[in-house]
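Some notes on the structure that comes next.
First listed ligand is number 1; within each ligand, the first listed atom is number 1.
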Amino acid sequence: MHGEAQLEPPAEHPADEIRRLQRCINDLVSVLALPAIWTGSEPSQIVSTLLDALLGMLHLDLVYVRLKDPVGEGPIEMVRCALTLKLALKLTTRPQEIGEVLDHWLGDDPQKWPPLVRNAIGGEDISIVPLRLGLQGEIGVIVAGSQRTDFPGQTERLLLSVAANQASIGLQEARLLSQQKRVASELDQRVAQRTRDLAAANEELRKEIAERRLAEERLRREERELKRSEAFLAEGQHLSRTGSFSWQVATGEITWSEQLYRIFEFEQDAPVTIERIGTRVHPEDLPLVIDMIDRARGASRDFEFEHRLQMPDHSVKYLHLVAHGIRDHDGRLEYIGAIQDVTQRRFAEEALGKARSELAHVARVTSLGALTASIAHELNQPLQGIITNAGTCLRMLAADPPNVEGARETARRTIRDGNRASEVVTRLRALFSKKDVTAESVDLNEATREVIALSLSKLQRSRVILRPELADDLPPVTGDRVQLQQVILNLFLNALDAMSGVDDRPRRLVIRTERDEGDRVRLAVQDAGVGFEPQGVDKLFEPFYTTKSGGMGIGLSVSRSIIESHHGRLWAAANDGPGATFSFSIPRVPARVTGAHSNRDIGTPAVSDTDAA
Ligand code: ADP
């Protein structure tokens, strides 16, 4: 049913022809003006105005437009229909349906479309002109239809093709515009997102700055507080004459508080080292300090000791040191401690000690005097009686005749008085050594520790290095705890006395407990003191033997009688090196704990308690 487009019939009158041409020019101008109207419009608006314009201008019965995909949202189809055709189509003017019918007539390929198709829609004859939008129809298609048999005339064809060209241009511009808009809107979105990101980053930064400011403020406050407490500490150290220190054993690094510089009278110009400290230590105490440092290096421990300093002006200071050893994560040893200048206290203590020992001396002399007086008095009476009775006895025997009965009586009285004198001596011995031994279980280690604790301040004052070597597995002994402690204390104090004049070597004191043969326990006190002549060793245990100006000479003899009452043995031995070792050994469980005394018991050889009778 394809047909050729008919040429327009020539006008009958030139005037008609002129009017027709004028209309044609007007229409052409209107079509050419369309792009100006479309500027900035959406493709659907463009199509809509194009359809209206063509329908009005060419009195068409059908105009259909399909745009392939103008804005990337799928094809757009639109249709305009004259009322008569609508009626013929029974009002079915849905663009998709009309589009399907047209596709069916025209085919898929726009290149092969005929310029004109005659066909019937709904029984009505209709001439159809398909026009491509874009060179290959890539934009879409316009289909114009009319029931007129002379459609399309020449000018109509011209108008349709110009309109199609204009529409192509308009739609391309619209597409460009919409692309531009899309790009612009994408850009806008990206700018907005970036702005939001920047704002968030900004906010984050602001927060961070605020937090940092707070942290700085806190740090400043803590610094102020630290400075304040440092000032307090310095003031406290100054007032108490106490300085603090730390010592990294591995590196030798020493940190000192200001007060320590003051105590040692060091300039704060150079770091403190062990060698520098050594230049201030009193030469007599140097061995003690070196020994302490050596032992501190060896193992982590706690220390407390005293030593002296000798200042450049030869004045002497007494220091009390307390240190605590700790190990860090890597096992490195560090000591933290405090040193107090106790010079004033030490002077006061020395004065007090001197006064106390003077007082003790006076008391001892006084009590010895009183004791002597009472002994003299007690002995005097029976002695007087003996002398008187012996004189009377002699007289009675010299009488003529001799009064034998009287002499016998006076001789009996003499014996009685002799016994009385002997009793006095016995009582005196009982006074020096307690006769009854209390039998209890005694841990000699513990008893020794108590004695050490009691003598600690004296040990420190005497600058003695004490080394207890107490056996872990020492079994308890049965005996009198107080008496045994008396013996230990006595050996202890004798050892200190023996070392009091020693200045050329450390005043080392070892106290050792151990198991002895035959289920016995042994305790030894070893000093580095003056020692004794081996040949005179027995003399030491004699009552009233002393080499000390204030000594009584009864300590060792009482000690020996106590140990013997425990069925044990007390003896002295000279050391290989300097000093002496005093030891005792006692059975763990004595067969029979009694108050028995050996012939070494207290009492002078001159006084014998054998019955005079
Ligand atoms: P005192 O201590 O009153 O002198 P002791 O009986 O305890 O009486 O000691 C007697 C003497 O034995 C002492 O004066 C001293 O000469 C000597 N002596 C005691 N212990 C030791 C010792 N550890 N080293 C050297 N001599 C000692």
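Annotation: cation-pi pair R280/F264 absent, no NZ/CZ under 6.0 Å from the ring centroid and within 45° of its normal.
Here the heavy atom of the protein found nearest to atom 2 (O) of ligand 1 is K548 NZ, 2.7 Å. Nearest protein heavy-atom contact of atom 24 (N) of ligand 1 is A498 CB, 3.6 Å. Looking only at heavy atoms of the protein, atom 5 (P) of ligand 1 is closest to L556 N, 3.6 Å. Of all protein heavy atoms, the one closest to atom 16 (O) of ligand 1 is T547 OG1, 2.5 Å.
Backbone and side-chain nitrogen or oxygen atoms of F532 are examined, and none is located within less than 3.5 angstrom of a nitrogen or oxygen of ligand 1. The N/O atoms of G553, backbone and side chain alike, include one that comes under 3.5 Å of an N/O atom in ligand 1. Close N/O approach between S557 and ligand 1 is not found [any backbone or side-chain N/O within under 3.5 Å]. Below 3.5 Å of separation, one finds an N or O of N494 facing an N or O of ligand 1. By the 3.5 Å distance cut-off applied to N or O atoms, T546 is counted among the residues near ligand 1.
Close contacts between ligand 1 and L540 involve ligand atoms 10 (C), 12 (O), 17 (C) [criterion: under 4.0 Å to a heavy atom]. Heavy-atom proximity to Y545, at under 4.0 Å, picks out these atoms of ligand 1: 10 (C), 11 (C).
Note on R413 versus D417: no salt bridge recorded, every NZ/NE/NH1/NH2 to OD/OE distance being 4.0 Å or above. Salt bridge status for R228 with E225: absent, with no side-chain N to carboxylate O gap under 4.0 Å. Taking a cutoff of 4.0 Å between a charged side-chain nitrogen and a carboxylate oxygen, R560 and D538 do not qualify as a salt bridge. Using a cutoff of 4.0 Å between basic side-chain nitrogens and carboxylate oxygens, R412 and E409 are scored as salt-bridged. Ion pairing between a basic and an acidic side chain is recognised when a charged N comes within 4.0 Å of a carboxylate O; E405 and R408 show such pairing.
With a heavy-atom cut-off of 4.0 Å, D527 touches ligand 1 through its side chain alone. At a heavy-atom distance under 4.0 Å, only side-chain atoms of F582, from C-beta outward, approach ligand 1.
G531 counts as a contact of ligand 1, since one of its heavy atoms falls under 4.0 Å from the ligand.
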Inset, instruction - Test side-chain hydrogen bond (donor to acceptor under 3.5 Å, both in side chains) on Q248 and R332 and set out the steps. - result: CA-CA 8 Å; Q248 293 272 1; R332 278 179 304 224; 5.2 Å; no

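Within a 6.0 Å radius of NZ in K548, other residues, nucleotides and ligands contribute more than 12 heavy atoms.
The side chain to side chain contact (heavy atoms under 4.5 Å, CB included) with I293 is formed by just one residue from the set I277, L288, I274, V249; it is I274.
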